[in-house]
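One structure below.
Start at 1 with the first residue, then count along the sequence. Treat the numbers as computed from the prediction; the structure is a model and nothing was measured.
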Amino acid sequence: MTNYITSILITSFLLGFSGISIIFQIKSTLKNLKISFKKLIIFKLLHGILSVIIAYILLKYSNIVNVTALPIFSNIQKTNFYMNGTYMLYTHFVIFVIFIFSSYLLIKNKK
């Protein structure tokens, strides 16, 4: 793997995991709900891993690698990736999956 792909995957994990400080903020905010701290960390780790998997799939099966490899101030036209619909298809798919999963969790917790 090239260096920038590795950087993207590491950044994806760190954003998905969100860091120890955020986890402690969540714990202190939800202290009255008696949520297991161990489960919270496990789910945040799984969220980070899922973020890496989604980022890897998007990098492997789209031409986003060519877009990210370009220099920032290049005269090469970068809009082909965004104009061909692939980007929007992946974006809508990910948003749809998140919506379905979160709706399922809300319905499950209300029962």
Next on the checklist: So, using side-chain contact (heavy atoms from CB on, under 4.5 Å) as the criterion, who are the partners of V97 when residues are at least two apart?
Outcome noted: F93
Checklist outcome for this item: The side-chain contact (heavy atoms from CB on, under 4.5 Å) partners of L30 (sequence neighbours excluded) come to I26, L33, I35
Checklist outcome for this item: Minimal heavy-atom distance between Y56 and L9, with the atoms involved, is N-CD2, 3.7 Å
Item to check | Closest non-hydrogen atom pair, S51 against S12 | outcome: O-OG, 2.8 Å
Checklist entry - Atom CD1 in I54, atom CD1 in I98: separation rounded to 0.5 Å? => result 6.5 Å
Checklist entry - So how far is it from I53 CD1 to L58 CG, rounded to the nearest 0.5 Å? => result 12.0 Å
Compile the donor-acceptor pairs under 3.5 Å between side chains in residues 39-46 and protein atoms, sequence neighbours left out, one pair per line.
from	atom 1	to	atom 2	distance (Å)
K44	NZ	S18	OG	3.3

Item to check | Same apolar cluster: I20 and L14, side chain cutoff 4.5 Å | outcome: yes
Next on the checklist: Are L50 and I57 linked, directly or through intermediate hydrophobic residues, by side-chain heavy-atom contacts shorter than 4.5 Å (ILVMFWY only)?
Outcome noted: yes
Item to check | H47 side chain vs F17 backbone, donor-acceptor pair below 3.5 Å | outcome: no
Checklist entry - Mind checking what makes ring pair (Phe, Tyr, Trp, His ring centres under 6.0 Å) contact with F37, not counting sequence neighbours? => result F24
